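Dropping the structure in here first, questions after.
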Amino acid sequence: MKPQKLYPAFKNYIWGGERLKEEYRKVTDLSPCAESWELSFHKDGECRLSDGRKLSEAVGEKELGVNPSKFPDFPLLIKYIDAKSDLSIQVHPTDAYAASHEGGFGKTEMWYVVDADEGAGIYLGFKREISKEEFRAAIEQNTLCELLNFIEVRSGDCFFIPAGTIHAIGKGCLIYEIQQNSNLTYRVFDYGRRDAQGKLRELHVEKALDVTETKKYSPTDFGEYLGISEYFKVKKLKVSGKVTMATDRSSFHCLSCLEGGGRLEGEPIGKGDSFFIPADYGEYLLEGDMTLIFTEV
């Protein structure tokens, strides 16, 4: 198999905007376009190839590589997130908790800030260690935000978010997210927001109390990489001219173009495009002037 351009699945969550269509050339009738699932094997939205086939149907162990085959299910989900409004304050469980309570997988993730309005930011972890009792009281009294770290962000910032870390993306942020292959979220606080039917969105307070890490949040530095976990290894790649990359038997590569453009093995690649390069393909050539996010397992 040659490198394949990916055609994402889309989500129209109420907090989304239109930037993915207007600036990143995403083609969908959904409005708003809150998320674009670039690399996804998840049943809630699978990415496809140019011939309409799901990527999951077109590739096997050889194309995925040795590392992904060690997992019981495809380990990754990669997406763009356009937050026109604030996302809910939420937390994701560990694999162990998700397996015992949901029959699924937990979610460790990382965010790369593609763009952000002036003053836009995220909530990430607690300012100090708190007790479960204090956590519950803050939820009940609508004072939870006072306990959380608010971090003003700008393009190029990156954050690693282990399962159990309370967090939220604020309005005005455009995020590229690499995460475990899970769509499991425990919503803790949603600003009293109502859905299209006028109903308050469901909260999952008891489960959130079970899984949330209540110690003071500490950031992680991965050196030359943006993030490393057992599920993914991610770095930023700048191409100016020609760059040769190569896959071996260990893992496929996923490349997403954030800025600029050029060619990947002779195929056009531009802002908003994502490509799947099969494991053991060998060398492939990138040409142009562009900024990419590179992910492998």
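Quick note: numbers below take in every heavy atom, side chains included, and nothing from hydrogens, waters or symmetry partners. These figures come from a predicted structure and were not determined experimentally.
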Query raised in the report: Under the 3.5 angstrom rule, does the side chain of K127 hit a backbone N or O of E146 as a donor-acceptor pair?
Result: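 Yes: the side chain of K127 pairs with the backbone of E146.
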
Query raised in the report: Could you give the distance from NE2 (H167) to OH (Y123), rounded to the nearest 0.5 Å?
Result: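 Nearest 0.5 Å value for the NE2-OH distance: 14.0 Å.
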
Query raised in the report: Are any of the side-chain heavy atoms of F189 and L203 separated by less than 4.5 Å?
Result: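 No, too far: nothing below the 4.5 Å cut-off.
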
Query - Backbone N/O of T108 and side chain of Q180: donor-acceptor pair under 3.5 Å - result: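 Flag set: sc Q180 to bb T108 pair under 3.5 Å.
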
Query raised in the report: Ignoring hydrogens and geometry, is there a side-chain-to-backbone donor-acceptor pair from K5 to D273 under 3.5 Å?
Result: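 It does not hold such a pair.
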
Query raised in the report: If you round to the nearest 0.5 Å, how far is CD of E230 from NZ of K70?
Result: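 Between atom NZ of K70 and atom CD of E230 there are 11.0 Å.
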
Query raised in the report: Going hydrophobic residue to hydrophobic residue with side-chain gaps under 4.5 angstrom, can you get from F276 over to L255?
Result: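 Different clusters.
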
Query raised in the report: Does a salt bridge link D115 with R19, judged by any charged N lying under 4.0 Å from a carboxylate O?
Result: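 Salt bridge between D115 and R19, a charged N being under 4.0 Å from a carboxylate O: yes.
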
Requested in this report: Give the minimum heavy-atom separation between A208 and Y186, together with the two atoms involved.
Outcome: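 Of all heavy-atom pairs spanning A208 and Y186, the closest is N-CD1, 4.2 Å.
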
Query raised in the report: OG of S274 to OH of Y80: how many Å apart, nearest 0.5 Å?
Result: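 Taking OG in S274 and OH in Y80, the distance rounds to 5.0 Å.
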
Query raised in the report: Do T185 side-chain atoms and R187 backbone N/O form a donor-acceptor pair below 3.5 Å?
Result: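 Here the side-chain-to-backbone pair does not exist.
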
Query raised in the report: side-chain contact (heavy atoms from CB on, under 4.5 Å) between L144 and I166: does it pass, once the steps are laid out?
Result: CA-CA 11 Å; L144 181 59; I166 194 167; 4.0 Å; yes

Report task. Please assess Y112 against I175 for the test side-chain contact (heavy atoms from CB on, under 4.5 Å), listing each intermediate value before the final yes or no. Result -> CA-CA 6 Å; Y112 179 87; I175 301 287; over 6 Å; no

Requested in this report: First locate atom CD of E177, then atom OG of S36, and finally report the distance between them rounded to the nearest 0.5 Å.
Outcome: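 The distance works out to 12.0 Å.
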
Query raised in the report: When clusters are formed by joining ILVMFWY residues with side-chain heavy atoms under 4.5 Å apart, either directly or through shared neighbours, do F294 and M110 land in the same one?
Result: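 No.
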
Query - More than 12 heavy atoms of other groups within 6.0 Å of D29 CG - result: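 Not more than 12 within 6.0 Å, no.
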
**Report entry** Among L77, L64, D73, the one residue meeting side chain to side chain contact (heavy atoms under 4.5 Å, CB included) with F41
**Finding:**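 With F41 as partner, L77, L64, D73 yield a single side chain to side chain contact (heavy atoms under 4.5 Å, CB included), made by L64.
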
Query raised in the report: What distance separates R128 CZ from T214 OG1, expressed to the nearest 0.5 Å?
Result: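 Separation between the atoms: 10.5 Å.
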
Report task. Flag the pair W15 / I169 as yes when at least one side-chain heavy-atom distance between them is below 4.5 Å, and no otherwise. Result ->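 No, too far: nothing below the 4.5 Å cut-off.
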
Report task. Please name the pair of heavy atoms, one in G106 and one in D95, separated by the smallest distance, quoted to 0.1 Å. Result ->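 Shortest heavy-atom contact: N-OD1, 2.8 Å.
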
Query raised in the report: Between E57 and R48, is there a salt bridge with N-O shorter than 4.0 Å?
Result: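 Not counted as a salt bridge, because no side-chain N and carboxylate O are separated by less than 4.0 Å.
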
Requested in this report: Would you name the heavy atoms of E46 and A9 that are closest together and state the gap between them?
Outcome: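 So the two residues come closest at O-CB, 3.9 Å.
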
Report task. May I ask whether L76 and L55 are part of the same hydrophobic cluster, defined by side-chain heavy atoms of I, L, V, M, F, W, Y residues being less than 4.5 angstrom apart, directly or through others? Result ->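 As far as the 4.5 Å side-chain criterion goes, L55 and L76 are connected within one cluster.
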
Query raised in the report: Is it the case that D86 and Y191 place a side-chain donor and acceptor less than 3.5 Å from each other?
Result: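 No donor-acceptor contact under 3.5 Å links the two side chains.
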
Query raised in the report: Out of I277, L285, L237, which residue meets the side chain to side chain contact (heavy atoms under 4.5 Å, CB included) rule with M245?
Result: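 The option that passes is L237.
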
Query raised in the report: Is any NZ, NE, NH1 or NH2 atom of the basic residue among K207 and D210 found under 4.0 Å from an Asp or Glu carboxylate oxygen of the other?
Result: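 Salt bridge between K207 and D210, a charged N being under 4.0 Å from a carboxylate O: no.
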
Query raised in the report: Can we call the ring centroids of F105 and Y231 under 6.0 Å apart?
Result: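 F105 vs Y231: aromatic centres not under 6.0 Å.
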
Query raised in the report: Side-chain contact, heavy-atom cut-off 4.5 Å: L258 with I293?
Result: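 Answer yes - side chains close enough.
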
Query raised in the report: F126 and Y217: aromatic ring centres closer than 6.0 Å?
Result: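 Ring-ring flag for F126/Y217: false, centres at least 6.0 Å apart.
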
Report task. For the pair R193 and L200, evaluate side-chain contact (heavy atoms from CB on, under 4.5 Å) and give the outcome as yes or no after the intermediate values. Result -> CA-CA 6 Å; R193 187 160 44 190; L200 291 170; over 6 Å; no

Query - Side chain proximity check, C158 to W111, heavy atoms < 4.5 angstrom - result: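 C158 does not reach W111 side chain to side chain.
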
Report task. Examine I161 and V188 and state if one hydrophobic cluster contains both, with Ile, Leu, Val, Met, Phe, Trp and Tyr joined whenever side-chain heavy atoms are less than 4.5 Å apart. Result ->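 They do not share one cluster, since no chain of ILVMFWY contacts under 4.5 Å joins I161 to V188.
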
Query raised in the report: In terms of side-chain heavy atoms, does E35 have a donor or acceptor partner in N12 at a distance below 3.5 Å?
Result: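 No - no donor-acceptor pair under 3.5 Å links their side chains.
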
Query raised in the report: Between D44 and K11, is there a side-chain N and carboxylate O pair less than 4.0 Å apart?
Result: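 So D44 does not pair with K11 through a salt bridge.
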
Query raised in the report: Stepwise, does the side-chain contact (heavy atoms from CB on, under 4.5 Å) test hold for R154 with E118?
Result: CA-CA 8 Å; R154 60 183 181 179; E118 186 175 353; over 6 Å; no

Requested in this report: Using the ring of Y281 (Phe, Tyr or Trp, six-membered ring only), decide whether K2 places NZ or CZ under 6.0 Å from its centre and within 45 degrees of its axis.
Outcome: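 That pair does not qualify as a cation-pi contact.
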
Query raised in the report: Atom SG of C47 and atom CZ of F10: how far apart are they, to the nearest 0.5 Å?
Result: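 It comes to 11.0 Å.
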
Query raised in the report: What about I78 and L6, same hydrophobic cluster or not, with Ile/Leu/Val/Met/Phe/Trp/Tyr joined at side-chain heavy-atom distances under 4.5 Å?
Result: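 Yes, I78 and L6 fall within the same hydrophobic cluster.
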
Query raised in the report: Looking only at side chains, do S31 and E18 share a donor and an acceptor under 3.5 Å apart?
Result: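 Note: S31 and E18 side chains meet the donor-acceptor criterion.
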
Query raised in the report: Okay, side chain of Q141, backbone of A138: is any donor-acceptor separation there less than 3.5 Å?
Result: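 Here the side-chain-to-backbone pair does not exist.
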
Query raised in the report: Going by atom types alone, do Q179 and H92 pair a side-chain donor with an acceptor below 3.5 Å?
Result: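 The answer is no; no qualifying pair exists.
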
Query raised in the report: Donor-acceptor pair, N67 side chain versus V297 backbone, under 3.5 Å?
Result: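 Yes.
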
Query raised in the report: Can T165 and E213 be counted as having a side-chain donor-acceptor contact under 3.5 angstrom?
Result: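 No, because no side-chain N or O of T165 sits under 3.5 Å from a partner of the opposite role on E213.
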
**Report entry** Minimum heavy-atom distance between C257 and M290, given as atom pair plus value
**Finding:**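 Taking every non-hydrogen atom into account, SG-CB, 4.0 Å.
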
Query raised in the report: So, E38 versus S40: side-chain donor-acceptor pair below 3.5 Å or not?
Result: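 Per modelled atom types, E38 and S40 side chains form no pair under 3.5 Å.
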
Query raised in the report: Just by distance, do the side chain of E296 and the backbone of F252 share a donor-acceptor pair under 3.5 Å?
Result: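 It does not hold such a pair.
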
Query raised in the report: Is it the case that Q90 and S88 place a side-chain donor and acceptor less than 3.5 Å from each other?
Result: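 Per modelled atom types, Q90 and S88 side chains form a pair under 3.5 Å.
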
Query - Side chain to side chain, V211 and T94, heavy atoms closer than 4.5 Å - result: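 SC-SC contact between V211 and T94 ruled out.
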
Report task. Please name the pair of heavy atoms, one in C173 and one in A120, separated by the smallest distance, quoted to 0.1 Å. Result ->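 That would be SG-CB, 3.9 Å.
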
Query raised in the report: With a 4.5 Å heavy-atom cut-off, do L39 and F74 have their side chains touching?
Result: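 Yes, close enough: below the 4.5 Å cut-off.
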
Query raised in the report: So does K271 have more than 12 non-hydrogen atoms from other groups sitting under 6.0 Å from NZ?
Result: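 Check passes, neighbour count above 12.
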
Query - Under 3.5 Å donor-acceptor, K132 side chain and L209 backbone - result: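 Such a contact is found between K132 side chain and L209 backbone.
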
Query - Chi angles and distances behind the side chain to side chain donor-acceptor pair (under 3.5 Å) call for S256, Y176 - result: CA-CA 9 Å; S256 293; Y176 184 81; 2.7 Å; yes

Report task. With the side chain counted from C-beta on, respond yes when P93 and H101 share a heavy-atom pair under 4.5 Å apart, and no when they do not. Result ->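 The answer is no; the side chains never approach within 4.5 Å.
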
Query raised in the report: Is a donor on one side and an acceptor on the other found under 3.5 Å between the side chain of D190 and the backbone of G192?
Result: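 No, the answer is negative, given that no donor and acceptor are paired below the 3.5 Å cut-off.
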
Query raised in the report: Do K21 side-chain atoms and L30 backbone N/O form a donor-acceptor pair below 3.5 Å?
Result: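 Yes; at least one donor-acceptor contact below 3.5 Å.
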
Report task. Please examine the side chains of R194 and R201, heavy atoms only from C-beta on, and report whether any two atoms are closer than 4.5 Å. Result ->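 SC-SC contact between R201 and R194 ruled out.
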
Query raised in the report: So does R136 pair up with E206, basic N to acidic O under 4.0 Å?
Result: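 Yes.
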
Requested in this report: Write down the atom of K62, the atom of A279, and the distance for their closest heavy-atom approach.
Outcome: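 Between these two residues, the closest heavy atoms are O-CB, 3.5 Å.
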
